[in-house]
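Working notes, structure below.
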Amino acid sequence: MFKFNFDVEDDTEQSTDVNHTTQNHGPASVQAVVPDVFTELFLTDALNSLPSKISYSPITIPLASGTELSLPRRDLFDARFQLISQNVDDPDALEQPSINARSALHFLDAPSDLVPLVYEGGLKTWECSIDLASYLDGISSQFDVSGKRVLEIGCGTSIPSLYILHRIFSSPPSQNQTHIHLQDYNASVLELVTIPNIILTWYLSEAAETYRTSEEQIDSPLELDISESLKNAFHQSLMTYGVELRFFSGSWDTFDLQKSCGSYNLVLTSETIYRMESLPRLAAIMRGACKAEDPTGVDDYLCLVAAKVLYFGVGGGVTEFVRCVQGSDEGGTVKTVWEKTQGVERRVMSIRWN
């Protein structure tokens with residue numbers, strides 16, 4: 001088990017030392033696990049699985065302009081309560097393989113613990129996802145996401161995509177269809193945090209103002225009722241603002257670009273280069289997403305990777321990632337477009353594929 005400990009601390013957790021550790025315990029061993037395959041999680045099903053109320057806390061995103069943006073994240077204790085409530089009368093649910101309810105509960109209690117092919121850290125908000133959102137803000141005048149196809153790989157709490165959706169929902173409705181696809185290894189992560197965070201971002205945006213004023217809100221502060229009227233209003237806003245959302249789980253080497261409908265204009269990933277063994281698969285999915293050989297192939301893509309320079313105790317980092325990308329004929333060129341050199345060094349890198 002790997003543990004990242006220099007991260008964005010959740011209010012529900014105690015802080016930990018700045019280090020990585022390798023441990024041999026957890027809900028499942030790597031040797032006993034078969035990698036999850038590509039699966040699409042449908043938005044309607046995910047919304048219907050949510051409880052009647054969710055709670056959340058704000059996270060602050062420093063913007064390139066010098067201002068700050070507050071985005072909502074579902075509280076992990078709330079997600080934990082949802083899992084317990086769903087399974088309390090269904091003991092058979094605890095016997096499902098891979099990321100079952102028992103292991104999901106374990107990682108909700110310790111979201112920094114990583115078990116390859118079981119849980120890849122998506123319940124935690126990592127520092128570099130915030131860096132990536134900030135960088136996107138800095139280039140927003142040069143790269144308009146409206147009408148584009150966007151893929152966030154290893155999305156987890158999906159901070160970069162939340163930033164993009166916040167911009168869309170805070171702008172006038174567009175006739176351009178914007179496709180935002182989010183991928184995480186764990187379907188549980190998509191269900192428990194990714195999709196709730198998107199709902200919350202919409203609800204607190206200008207796009208939901210009519211809904212907020214038309215409903216008699218009895219929510220406590222930092223809580224949201226997930227009613228049928230809210231779901232309907234959310235779906236209506238997606239159509240009004242021309243946003244298509246799709247969600248995919250499973251291992252990177254099973255990602256199906258044909259089922260996701262081809263190439264993307266914007267490919268994003270953060271904190272995903274920590275394990276050397278997974279770098280070739282990550283590079284392959286990013287290159288495929290930018291350079292898919294299909295009728296929708298695009299040339300005006302932007303491929304961004306946000307990461308720490310070195311992941312202590314794990315082996316991954318920027319040097320290994322650059323070597324992986326540039327060391328093959330089907331590789332590419334990596335350029336650092338933003339960096340933090342004090343403290344724990346972090347970078348945002350742009351990739352052009354051969």
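As the structure is a computational prediction, the values presented were derived from the model and not from experiment.
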Please tell me whether [X] and [Y] are part of a single hydrophobic cluster in this structure, the criterion being side-chain heavy atoms less than 4.5 Å apart.
X      : Y      : result
Val189 : Phe42  : no
Phe143 : Leu63  : yes
Met276 : Met286 : no
Ile226 : Ile198 : yes
Ile199 : Leu222 : yes

Counting heavy atoms not belonging to Gln177, are there more than 12 under 6.0 Å from its CD?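 Count over threshold, so yes.
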For Gln142, does the CD atom have more than 12 heavy-atom neighbours from other residues, nucleotides or ligands under 6.0 Å away?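 Yes - once you tally the heavy atoms of other residues, nucleotides and ligands closer than 6.0 Å, there are more than 12.
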Quick one, [X] and [Y] - any side-chain contact, counting heavy atoms below 4.5 Å?
X      : Y      : value
Thr269 : Ile285 : no
Ser55  : Phe77  : yes
Ile180 : Tyr264 : no
Leu69  : Tyr163 : yes
Val325 : Trp353 : yes
Leu190 : Cys155 : yes

Taking atom types as modelled, is there a side-chain donor on Asp253 or Ser251 under 3.5 Å from an acceptor on the other? yes
Asn197 and Thr157: side chain donor to acceptor below 3.5 Å: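 No.
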Could you check Glu127, Glu339, Glu320 and say which one makes a salt bridge (Lys or Arg N to Asp or Glu O under 4.0 Å) with Lys308? Glu127
Would a line drawn from the ring center of Phe234 to the ring center of Trp202 be shorter than 6.0 Å? yes
Using atom types as modelled and distance alone, determine if a side-chain donor or acceptor of [X] lies under 3.5 Å from a backbone N or O of [Y].
X      : Y      : answer
Asn354 : Gly331 : yes
Ser161 : Ser158 : no
Arg167 : Ser140 : no

Atom pair CD/OG of Glu206 and Ser237 - distance to nearest 0.5 Å: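 Glu206 CD to Ser237 OG: 12.0 Å, rounded to 0.5 Å.
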Taken to the nearest 0.5 Å, the spacing of Thr272 OG1 from Leu282 CG works out to 4.5 Å
Ring-face cation of Lys259 near Phe248 (centre distance under 6.0 Å, axis angle within 45°):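 Lys259 over Phe248 ring: no.
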Phe169 pairs by ring-ring contact (aromatic ring centres under 6.0 Å, His included) with which of Tyr241, Tyr211, Tyr203? Tyr241
Less than 4.0 Å between a side-chain N and a carboxylate O, is that true for Arg212 and Glu209?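 Salt bridge between Glu209 and Arg212, a charged N being under 4.0 Å from a carboxylate O: no.
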Would you call the rings of Tyr274 and Tyr311 parallel, tilted or perpendicular if under 30° counts as parallel and over 60° as perpendicular? perpendicular
